[in-house]
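Contents: one structure, followed by commentary.
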Amino acid sequence: MSVRCRFAPSPTGPLHIGGVRTALYNYLFARKQGGAFILRIEDTDVARSRVEFERDILTGLHWLGLEWDEGPEVAGLAARGAYGPYRQMERLALYREAAERLLEGDLAYPCYCSPEQLDADRKAQEAARQPPHYVGRCARLSAQERRAREAEGIKAVVRFRVGAERVAFDDLVRGHVEIDTRTMGGDLIILRSDGSPLYHFTVAVDDAQMAITHVVRGEEHLSNTPKHILLFRALGADIPTFAHLPLILNPDRTKMSKRKSQTALSAYREEGFVREALVNYLALLGWSSGTEEELFRLEELVERFDLDRVQSGGAVFDRERLEWMNGQWIRRLSQEEFLARMTPFLVRHLERRTSAGERVRQPEEAELRALVPLVQERLPVLAAIGELVDFLFLERVAVEPGQLVPKRWDQRTTLEALEAARGVIRDEIGPVTFEADELEPPLRRLAEERGWKAGDLFMAIRVAVTGRTATPPLFDTLVALGRERTLERLDRATDVLAGAAAPTQ
RNA sequence: GCCCCCAUCGUCUAGAGGCCUAGGACGCCACCCUUUCAAGGUGGAGAUCAGGGGUUCGAAUCCCCUUGGGGGCACCA
């Protein structure tokens with residue numbers, strides 16, 4: 001039988017990094033096995049589910065390149081797949097029908113206990129240091145008793161009978177697992193009093209109906225797996241193979257959460273993490289290829305992936321390592337690709353500067369292209385492009401007199417150097433060509449003639465024209481700036497320095 | 001409280017009884033390269049393999065216990 005596995009997120013929040021990892025492992029496993037990867041939206045929590053979250057999930061998966069074979073929407077097309085619909089709220093009839101069957105077979109029963117009663121039970125159990133469980137008040141009601149309650153207008157939930165036994169299964173990640181059903185909290189509610197289905201029930205009904213062969217999901221579902229197995233059995237369905245993935249952890253080793261970590265995929269995307277890095281990093285968080293290579297693209301991961309090699313202990317999400325890997329993938333992008341991905345980040349940065357009241361010049365395609373070799377290897381995240389090169393597009397850069405003077409120099413020397421450098425650039429460099437190669441020799445010569453360290457001269461110029469001490473290579477920077485702007489900024493810096501000097505002299 | 005899972009450098013991991021005086025990567029430190037910042041290169045510090053018992057000629061690797069951590073036990077998913 002060919003492999004079918006699914007990613008089943010609920011749209012109660014933006015696509016979570018942990019969900020991405022689960023989706024990725026499902027995808028890798030399905031592709032590796034030549035099986036199907038199915039996306040199912042678990043939106044039965046009406047109170048918390050929102051369409052924009054569903055959109056965020058679909059967008060995120062598309063962006064990562066984790067395309068699904070069946071699901072609510074495929075690559076912008078309408079839903080597709082023979083086991084649809086793929087949104088649970090569109091599958092209510094299926095659940096109702098399945099519940100009906102269980103009721104008929106007395107594998108489930110209506111329960112009339114009020115939430116208040118259940119709450120009181122739970123409190124009592126807690127006080128008696130008992131594990132919380134349903135006491136079974138409605139488990140053996142006679143037909144008349146049920147009718148009486150119905151007559152009172154009490155809306156019943158439907159409970160699934162959980163018999164006493166040890167349920168065992170062989171988890172692909174954890175091996176043999178056995179759980180006593182008596183520790184699971186008693187008979188399970190599968191339908192709310194309004195008739196809507198609950199998670200454990202929908203999972204079993206859907207996985208059965210969608211012919212899922214492998215359930216690959218987070219470890220938080222491990223203890224609940226017997227419930228699903230019992231339900232599969234009651235439904236007369238085959239029991240899929242399970243693989244429970246280790247949790248992704250906060251730095252304090254608790255389950256990764258919004259409170260303590262940045263969990264939304266979209267947030268990483270907005271910071272300029274590239275899909276290659278996110279996929280690569282997450283693949284290696286809990287799985288390893290067994291070799292010492294660690295930079296893999298999606299297709300390479302598919303070739304190598306194996307659930308056997310999934311780690312069983314939880315893994316702390318290490319942003320530093322992600323950033324390193326992101327830099328690796330940014331550098332591996334083709335120039336065209338890099339340009340296309342980086343530009344929106346620069347544009348956005350400049351827009352922000354504009355709204356902050358600064359005068360900004362719009363970058364031209366050609367000058368951005370020229371910038372690529374200078375910046376591509378300097379970005380840990382794409383969003384860093386703004387800070388790196390915005391001085392090229394700002395009408396005025398703020399130059400601090402303090403920064404302008406190199407460590408070994410004083411104000412006088414700096415002033416002299418900037419004026420001299422300006423002269424050299426104005427007189428010796430052709431306005432037409434103005435290339436990095438022709439800038440360097442005369443400026444080095446200048447430093448030598450005056451007995452300055454070239455580095456000091458260059459630093460003074462750098463700060464003068466960019467307002468920063470860390471920039472792309474100086475001569476390329478001057479070229480990017482252009483002759484006119486370079487001269488202008490040297491002038492202005494000289495004024496700033498002279499102005500700062502004046503009061504003290 | 002009960003049940004389940006987990007346990008190798010700070011972090012991600014290699015290791016499926018002898019190849020381990022435990023390997024790689026991130027991070028950290030130093031040096032090299034260098035006009036700054038990165039990138040890159042070289043080297044270094046960093047794990048008595050949580051602790052204790054077994055099994056075995058031999059254990060990070062198998063078993064048991066302890067400890068620690070995590071997860072689960074909803075008319076949430």
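Chain letters run A, B, ... following the sequence lines, proteins first, then strands; residues in each count from 1. All values below come from the heavy atoms of this structure, side chains included, with hydrogens, waters and symmetry mates left out.
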Are the ring centres of [X] and [Y] closer than 6.0 Å?
X      : Y      : result
A/F475 : A/F458 : yes
A/H221 : A/Y199 : yes
A/Y268 : A/F317 : yes

State which of [options] makes the closest approach to the side chain of [X].
X      : options             : answer
A/R321 : B/C12, B/U36, B/A77 : B/C12
A/R192 : B/C73, B/C75, B/G24 : B/C75
A/E320 : B/C73, B/G27, B/U13 : B/G27
A/L285 : B/G72, B/C12, B/C76 : B/C12
A/R378 : B/G10, B/C37, B/A7  : B/C37
A/A315 : B/C12, B/C6, B/G71  : B/C12
A/L474 : B/A39, B/G10, B/U35 : B/U35
A/E220 : B/G72, B/U36, B/A25 : B/G72
A/R48  : B/A25, B/U35, B/C76 : B/C76
A/I189 : B/A39, B/A74, B/U35 : B/A74

Nearest-Å distance once atom [atom1] is located in both [N] and [M]:
N     : M     : atom1 : value
B/C63 : B/U56 : C1'   : 12 Å
B/C9  : B/G15 : P     : 16 Å
B/G40 : B/C4  : P     : 48 Å
B/G23 : B/C49 : P     : 14 Å
B/U8  : B/A47 : C1'   : 7 Å
B/C20 : B/U13 : C1'   : 16 Å
B/A7  : B/G51 : C1'   : 12 Å
B/C31 : B/A38 : P     : 15 Å

Check every strand shown and say whether [X] touches a base, only sugar-phosphate, or nothing at a heavy-atom separation below 4.0 Å.
X      : result
A/F475 : base
A/R122 : sugar-phosphate
A/R319 : nothing
A/Q125 : nothing
A/T183 : sugar-phosphate
A/H200 : base
A/N224 : base
A/Q311 : sugar-phosphate
A/A454 : nothing
A/S193 : base
A/R468 : nothing
A/T469 : base
A/V157 : base
A/R462 : base

Given that both distances must come in under 3.5 Å, which nucleotide forms a Watson-Crick or G-U wobble pair with [N]?
N     : value
B/G46 : none
B/C20 : none
B/C26 : B/G10

Open item on the list: Is it the case that the side chains of A/N250 and A/T254 hold a donor-acceptor pair, with the cut-off being a distance below 3.5 Å and no angle test?
Closed with: yes
Task: Atom CD of A/E126 with >12 non-hydrogen neighbours under 6.0 angstrom - done: no
Task: Residue met sooner reading RNA chain B from 5', once A/S114 and A/P380 are mapped to nucleotides - done: A/P380
Task: A/G286 or A/R129, whichever maps to the more 5' nucleotide of RNA chain B - done: A/R129
TODO: Step by step, work out the salt bridge (Lys or Arg N to Asp or Glu O under 4.0 Å) result for A/D194 and A/R192.
DONE: CA-CA 5 Å; A/D194 66 2; A/R192 294 185 179 91; 5.2 Å; no
- [ ] Identify which one of A/E42, A/E54, A/R48 satisfies the side-chain contact (heavy atoms from CB on, under 4.5 Å) criterion when paired with A/T12.
- [x] A/R48
Interatomic distance, [X] [atom1] vs [N] [atom2] [rounded to whole Å]:
X      : N     : atom1 : atom2 : result
A/L118 : B/A74 : CG    : P     : 10 Å
A/W409 : B/U35 : CH2   : P     : 15 Å
A/L191 : B/A74 : CG    : C1'   : 16 Å
A/L222 : B/C5  : CG    : C1'   : 6 Å
A/H221 : B/C5  : NE2   : C1'   : 15 Å
A/F169 : B/C4  : CZ    : P     : 11 Å
A/E377 : B/G40 : CD    : C1'   : 9 Å
A/E293 : B/G23 : CD    : C1'   : 15 Å

Open item on the list: Is there a side-chain contact between A/L39 and A/L58 in this structure, where contact means two heavy atoms from C-beta onward sitting under 4.5 Å apart?
Closed with: yes
Open item on the list: Walk me through whether A/D187 and A/Y109 qualify under side-chain hydrogen bond (donor to acceptor under 3.5 Å, both in side chains).
Closed with: CA-CA 9 Å; A/D187 296 340; A/Y109 59 88; 2.6 Å; yes
- [ ] Establish whether the base of B/G70 is bridged to the side chain of A/T254 by a donor-acceptor pair shorter than 3.5 Å.
- [x] no
